[in-house]
Enquirer: 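Structure in structure tokens, see below.
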Amino acid sequence: MNISRWVVITALPACLALCSTASAQTAAAHSATQLAQTPPMGWNSWNNFGCNVSEQLIRETADAMVSSGMLAAGYHYVNIDDCWQVSRAADGTIVADPARFPSGIKALADYVHSKGLKLGVYTDAGRFTCEKRPGSLDHELQDAKTYAAWGVDYVKVDWCHSEGLDPEVQYAKFRDALAQAGRPIVFSICNWGVKAPWKWGPATGNLWRTTGDISDHYDRMSVIGFSQNGLEKFAGPGHWNDPDMLEVGNGGMKPDEYRTHMALWALLAAPLLAGNDVRNMPPETKDILMNREVIAVDQDPKGVQGHRIWEEGPLEIWVKPLADRSQAVGLFNRGESVLNMTLNLKALGLTGPAKLRDLWQHQDLGPVEDSYTSEVPKHGVMMLRVSQ
Ligand code: GAL
């Protein structure tokens, strides 16, 4: 439970008759606690398109999210990252780039909603965004109200040009602004792990970045993903660690490496924000992004982030307990050649027999008495569900 929001809610009776604004805030805060009960899933423009965003790209992406099956697989949010905004109007209202978003963000939100999807935007807690567009500093409430009026469902707030600011204080301002704006909006804190956001993030937003940016390379992705061990105690329904968006399908990794990326993010209960061009997805990309059994691990209602239970040289075993008392298990080989890996049931607190299922292959592997051994490819993963 999000403590500070909870405090606002319980404070309500004292000012019921007097403060109508406060009660509207409280209602918004209350619904905000219902957001992101499982890690947010969707798409974001940054990893593949950078600054090259437009309403045409967002509309085509929304269409493709539906036609490709991404929405049916659980990817609900279509999020515009940096570069949609150009200036502020005389009254301070943020202005979308009229050349790239001629119909405006409200019309885009209406279109995205008509497809059964939700719309996200991006801003920055400091003076400017990383691409030097106007940031939200000293415009927090105004921007939150503008997003609410447009029908925005998700906001990512970055940390560039924030010299001299304290992230815990600034992001709390944004949280309160969103609550006051009165629309449930998922609040994504993006300050790259500065000042340990996992400590104050749960009382502030729905997700917080734990590291600097990912890139479409196995080395960077794996350094970020495997470094998340220990942060599991801070995550839970409504508040998640965010090891950054997915690179699956962007071309810089091999299929085994992308499977490692997806499996690790699922075991971490990480937000799943696809970062590829969903308008042109080859079958091997779809198979990874839309593997329902792997997604189910990420979205499991118990909401527990997995952790590492064993390591030996380049080999690591990670476990995530699931709501039905089964356990999702990843056998990861970070080494440079194929290696055998053995899972001992004892390491999962089990005495045999246990049932194993291969989640990538959608195949039952049959009962196991004590241990299970499998080859795991270089940079690859064997992803299992173990139950009794
Ligand atoms: C970075 C952020 C990225 C992306 C980029 C946009 O700070 O971590 O995810 O949003 O800014 O400029």
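Remember, it's 1-based here, ligands and their atoms both numbered in the order they're listed. All of these numbers come straight from a predicted model, not from anything done at the bench. Numbering of residues begins at 1 and proceeds along the displayed sequence.
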Enquirer: Just by distance, no angles: are the side chains of Asp277 and Asn48 close enough, under 3.5 Å, to form a donor-acceptor pair?
Expert: no
Enquirer: Name the residues with a heavy atom less than 4.0 Å from ligand 1?
Expert: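 Residues Trp46, Asp81, Asp82, Tyr122, Cys130, Glu131, Lys156, Asp158, Cys190, Trp192, Arg209, Asp213, Met245 each place a heavy atom under 4.0 Å from ligand 1, listed by chain and number.
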Enquirer: Could you tell me how the ring of Tyr218 sits relative to the ring of His379: parallel (under 30°), tilted (30 to 60°) or perpendicular (over 60°)?
Expert: parallel
Enquirer: Go through the side-chain N and O atoms of Asp153 and Tyr77 and say whether any donor and acceptor fall under 3.5 Å apart.
Expert: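 Looking only at side-chain atoms, Tyr77 and Asp153 do not form any donor-acceptor pair under 3.5 Å.
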Enquirer: Can you tell me how far CG of Asp256 sits from CZ of Arg259, rounded to the nearest 0.5 angstrom?
Expert: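 If we round to the nearest 0.5 Å, Arg259:CZ and Asp256:CG are 5.0 Å apart.
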Enquirer: Could you check whether the rings of Trp208 and His239 sit parallel, tilted or perpendicular, using 30° and 60° as the cut-offs?
Expert: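 Because their plane-to-plane angle is under 30°, the rings of Trp208 and His239 count as parallel.
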Enquirer: So does Glu60 pair up with Arg279, basic N to acidic O under 4.0 Å?
Expert: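 Salt bridge present between Glu60 and Arg279.
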